[in-house]
Chemist: 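Below is one structure. I have some questions about it.
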Amino acid sequence: MTQHSPAGIVDAAAGSTPLAPSPGGGKGTTSHRWVPVVLPPLVGLLTLGLTFLYWQSAESGARAKQEQNFQVAADQIAYNLKDRMATYEVVLRGVKGYFEGSERIDRAEFQAYVGALQLGETRPGLQGVSLVMQLPASALAAHLDDMRQRGFAQYTVWPDGAREVLAPITHIEPLEGNNLKALGFDVLTVPAAKEALDRARDTGELALSGQLTLLQNNSPGLAVYLPLYGAGADTRTVDGRRASLAGWVSAPFHLEDVIQGMSREFDADIGFQITDDTHASAAETLLFSNVAHQAAAQGGGCPLGSAGPACAGTGWPPLGVADVAPACVCGAFSG
């Protein structure tokens, strides 16, 4: 019988290779199991974040472009309106030159001169051109006789009332239709007109009135006045200008008609308003507005809102109108 020694058993055991435990204790296989679960959402979030930043940058650029376009359009509106007022000034200065070069204003000559300007066709909204002569109350009787000898048998200065100085409209062209109603009217009886007349007299420059009621059709309007001085007058000082004042050249107009006549010069997508800052009451400052119309065209919205003071500054304060402020951007400029 063969006996196995314990040493043989030990040798056999020693000859076998034992299994070595894994360094991670079995954790190496599970340590990367989170990668396929977490990585896709992280990549998605990163992509979404980059997309958002790109969109935000593009939106900011588009907004800046809109505001730039808006400012350009606002400046163009202000420029066009100032340019139109400048053309009125040219007309009035032409009449002033005619007055200063004539010993006596003849009705037929004045009619021919103003008629040649074709104001109705070239200057929509302008109601006419008139001469407003200043005279003391003591000269009223002689003035009435002179006007009636010129062919105005029914001419009178109105409204009635005792006044030391009067400023009746003695000539107006075209002398037809509603313009006949204005003949003989004392412009100094209208506060808004008197303020502009006095300003024109003292500065020697064109003056734009605040809003007033036009006699032609009892509707709101404005008027521009240019002073007339006697021959050889010293107009270097205010006192000299006041002492030598003979009258004014005047041009009343409907602002709405003026703007409609300029509609092709304005951006159709811009709504704007014109205000007069010479009045404290908000109800009196608004001269024109098409903001509500433009907002309605966009469903009641005004994408860029009020332009504010940034779009003001037309250079009109000496004329009485403070700003031309585009207040609503619609259509092509909507966000």
Side-chain angles (χ1 to χ4, degrees), residues 74 77-78 80-89 91-92 119 123-130 132 158-159 167-169 172 178-179 181-183 185-203 205-227 248-263 266 271-294 306-307 309 311-328:
I77 288 172
N80 288 343
L81 287 171
K82 286 193 296 181
D83 184 62
R84 179 51 56 93
M85 292 298 103
T87 63
Y88 289 173
E89 182 175 4
V91 170
L92 295 189
L119 298 178
R123 300 293 179 265
L126 199 64
Q127 299 300 295
V129 175
S130 60
V132 179
W158 61 285
I169 297 174
I172 186 168
N178 289 331
N179 276 348
K181 300 177 183 179
L183 203 61
F185 179 74
D186 184 358
V187 184
L188 287 174
T189 60
V190 179
K194 184 180 186 305
E195 187 279 329
L197 291 170
D198 290 345
R199 183 158 29 92
R201 175 201 63 198
D202 291 348
T203 63
E205 300 296 334
L206 189 76
L208 177 63
S209 74
Q211 186 164 276
L212 44 77
T213 300
L214 298 182
L215 297 172
Q216 285 85 344
N217 49 19
N218 292 320
S219 62
L222 301 169
V224 284
Y225 301 102
L226 189 67
W248 300 264
V249 187
S250 169
F253 61 92
H254 286 293
L255 188 56
E256 185 172 354
D257 292 343
V258 171
I259 292 172
Q260 287 179 353
M262 301 171 63
S263 58
F266 296 146
F272 64 96
Q273 60 188 25
I274 301 175
T275 58
D276 177 2
D277 74 342
T278 61
H279 298 287
S281 169
E284 294 179 303
T285 60
L286 187 62
L287 300 177
F288 171 83
S289 175
N290 64 356
V291 172
H293 172 73
Q294 295 292 351
S306 174
C311 289
T314 65
W316 281 13
L319 304 182
V321 171
D323 63 19
V324 178
C328 181

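Numbering of residues begins at 1 and proceeds along the displayed sequence.
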Chemist: Please report the closest heavy-atom contact between Ala193 and Leu212, naming both atoms and the distance.
Modeler: CB-CD2, 4.0 Å
Chemist: Using 0.5 Å steps for rounding, measure from the CD1 atom of Ile172 to the CG atom of Asn179.
Modeler: 4.0 Å
Chemist: Indicate the atoms forming the closest heavy-atom contact of Ile169 with Ser130, along with that distance.
Modeler: CG2-CB, 3.8 Å
Chemist: What pair of heavy atoms forms the shortest contact from Leu92 to Val249, and how long is it?
Modeler: CD2-CG1, 3.4 Å
Chemist: Say you draw a straight line from CZ of Arg201 to NZ of Lys194; how long is it, rounded to the nearest 0.5 Å?
Modeler: 6.5 Å
Chemist: Measuring from Thr87:OG1 to Met85:CE, what's the distance to the nearest 0.5 Å?
Modeler: 7.0 Å
Chemist: So which atom in Leu226 and which in Leu206 form the shortest heavy-atom distance, rounded to 0.1 Å?
Modeler: CD1-N, 3.7 Å
Chemist: Search all heavy atoms of Gln211 against all heavy atoms of Ala192 and return the closest pair with its distance.
Modeler: O-CB, 3.8 Å
Chemist: What distance separates Leu197 CG from Asp202 CG, expressed to the nearest 0.5 Å?
Modeler: 11.0 Å
Chemist: For the side chain of Trp158 and the backbone of Pro168, is there at least one donor-acceptor N/O pair under 3.5 Å apart?
Modeler: no
Chemist: Can you tell me how far apart CG (Leu81) and CD1 (Ile77) are? Round to the nearest 0.5 Å.
Modeler: 7.5 Å
Chemist: Decide yes or no for Asn217 and His254: does some side-chain heavy atom of the first lie under 4.5 Å from some side-chain heavy atom of the second?
Modeler: yes
Chemist: Hey, does Val258 have a side-chain heavy atom less than 4.5 Å from the side chain of Tyr88?
Modeler: yes
Chemist: Would the distance check show the side chain of Arg199 and the main-chain N or O of Leu208 forming a donor-acceptor pair, the cut-off being under 3.5 Å?
Modeler: yes
Chemist: Identify the residue among Leu119, Val224, Asp257 that makes a side chain to side chain contact (heavy atoms under 4.5 Å, CB included) with Leu126.
Modeler: Leu119
Chemist: Sub-3.5 Å donor-acceptor pair from the side chain of Asn178 to the main-chain atoms of Gln216, do we have one?
Modeler: yes
Chemist: If you measure from CG on Leu188 to CH2 on Trp248, what distance do you get to the nearest 0.5 Å?
Modeler: 5.0 Å
Chemist: Would a distance-only check, ignoring hydrogens and angles, find a side-chain to backbone donor-acceptor pair under 3.5 Å from Asp186 to Ala167?
Modeler: yes
Chemist: Could you tell me whether the side chain of Pro159 reaches within less than 4.5 Å of the side chain of Thr189, counting heavy atoms only?
Modeler: yes
Chemist: Among residues at least two apart in sequence or on other chains, which ones pass side-chain contact (heavy atoms from CB on, under 4.5 Å) with Thr213?
Modeler: Asn218
Chemist: Using atom types as modelled and distance alone, determine if a side-chain donor or acceptor of Ser209 lies under 3.5 Å from a backbone N or O of Ala196.
Modeler: no
